[in-house]
Amino acid sequence: MQAMACILTAQESPIIRAIAPSPSSMSSNQLDQKSQAWSALFSEPMSELVKRYTASVDFDKRLWRADIEGSLAHAEMLAAQGIIGAEDFARIEQGMEKIAHEIETGVFQWQLDLEDVHLNVEARLTSLVGDAGKRLHTGRSRNDQVATDVRLWLRGEIDRLAGLLAELQRALVAVAERHVDVILPGFTHLQVAQPVSFAHHLLAYVEMFARDAERLADVRRRVNRLPLGSAALAGTTYPLDRERVARTLKMVDDAGTPQLCQNSLDAVSDRDFAIEFTAAASLIMVHVSRLSEELILWMSQNFAFIRIADRFTTGSSIMPQKKNPDVPELARGKTGRVVGHLMGLITLMKGQPLAYNKDNQEDKEPLFDTVDTLADTLRIFAEMIGGQINPATGAREGGITVNAAAMRAAAAKGYATATDLADYLVKKGLPFRDAHEVVAHAVRSAQAKGVDLSEMALADLQAFDARIGADVFDVLSLAGSLAARNTLGGTAPAQVNAQIERQKRRLSMA
Ligand code: ARG
């Protein structure tokens, strides 16, 4: 067993070159010097520029927890299979515990010379526990190691993001619940179309985010599969128990069945799971961006439908009257950034032959930035819309403020009930197309008089069609218009209340 680690070639494991011959007795300075001493295969050291160009440790050190978790699962299995000794595993565990502590407390010395997070952790392990550390990489390659690390890390982030996405939905539902009877103009083509409940409008976003959550859950299933055991590209000669590793790392389905990548070449090389995640993240951002656009419009003076708390706005350095919606504007802007990462990752994959290529090291920064941008955006939006829950009272405080009067006035101004008049005439026997034409004439005349349809005299309305009776004013009212749309998915308060109840159950809201 002792000799096993040594059969890894120098090319596969620069760490062996970097830390030879007796790492346990070397200081980190010596490590630096030694790292120049590449294996017999190399006749010159790497230039500083190339070192900087190829190293990833500055950013992939973020994967350290996943790296250690993956290594421990691998080492535990190696010991269980008798490939390394139980005492080796015990030392690896102790070493990793110390390393985790060093990283957490900021004393760990990350070295560019050691390229990436994997080699940094492994070198430190070997310096702490000697040969046991050198045995860790038995039956493993950085190729299946990094693919495992990214998947483990991303799985945790997906779970965190799913929680944040649920919080944003709860915030929207909470605001919706208080505004079922608030009427605003619904738009098509950004022209006043028909009145809708403000709650109904907000619930449209809850539906979008609910689908986004489904997408995340679906991506998670494919992220949660184990590449480890694929080694560099072809599998390994050691009798590994991959299912055991998968179980240790909780890479199992709902029934507890271990989820393994089934082809070693595919396992080490494809990053489609990262692309899929970034696509799902892009859609979330697109939905946030649409909401942002509406918030920006609604809080402009011309609409004045809502206000958002001052802490989400900024002033102008020159115009004292201004309160700018920087947060929604930035979210709209950052959507481009996340969609850009999707383009970056999908282009990164295109044209790569099997199996692993160093191109894949470029998957990390876009992935990290996607997660960070999305997490911050979701958190800030949940608070901006729904406010914060006061721990003393359990009530939400400080979300958006709704100006129901301005919404209603805008709906009343835009002939939003014209369709209702047409439907009224249809119910009195007129074919819909004819009714549409009659109402167009009526609206034109109302516009000329500068009044709403509901403000016209009955006699004036009857001039357009004799079937119009006094009961017409019920359908011309905004509330009547809303109440009439009482089919599933419609804006009638009864429907909206039912949807709120459904969403509250879905989101486990009290
Ligand atoms: N830092 C590398 C990455 O992120 C790790 C894998 C390196 N493998 C290799 N054969 N050079 O992809």
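Start at 1 and go down the list; that is how both ligands and their atoms are numbered. Along the sequence shown, residues are numbered consecutively beginning with 1. Note that the structure is predicted; figures quoted are calculated from it, not measured. Values below: every heavy atom of this structure, side chains too, minus hydrogens, waters and symmetry copies.
For the pair Arg62 and Asp372, the salt-bridge criterion is met [side-chain N within less than 4.0 Å of a carboxylate O]. The existence of a salt bridge linking Lys51 and Glu48 is confirmed by a sub-4.0 Å separation between a basic side-chain nitrogen and an acidic carboxylate oxygen. The pair Lys134-Asp131 counts as a salt bridge, with a side-chain nitrogen and a carboxylate oxygen less than 4.0 angstrom apart.
Evaluation of the side chain to side chain contact (heavy atoms under 4.5 Å, CB included) rule for Glu104 yields Trp64, Arg65 as partners, not counting sequence neighbours. In this structure, the ring pair (Phe, Tyr, Trp, His ring centres under 6.0 Å) partners of Phe368, at least two apart in sequence or on a different chain, are Trp153.
Between Asn143 and ligand 1, at least one N/O pair is under 3.5 Å apart. At a 3.5 angstrom cut-off on N or O pairs, Tyr356 counts as close to ligand 1. By the 3.5 Å distance cut-off applied to N or O atoms, Arg271 is not counted among the residues near ligand 1.
Within the listing of ligand 1, atoms 1 (N) sit less than 4.0 angstrom from a heavy atom of Ser56. Ligand 1 places these atoms under 4.0 Å from at least one heavy atom of Lys364: 3 (C), 4 (O), 12 (O). Interface atoms of ligand 1 facing Gln361, defined by a heavy-atom separation under 4.0 Å, are 1 (N), 2 (C), 3 (C), 4 (O), 12 (O). Each of the following atoms of ligand 1 lies closer than 4.0 Å to a heavy atom of Asp116: 1 (N), 2 (C), 5 (C).
Residue Val223 comes nearest to Arg155 through the heavy atom pair CG1-N, 4.0 Å, listed as atom of the first residue, atom of the second, then distance.
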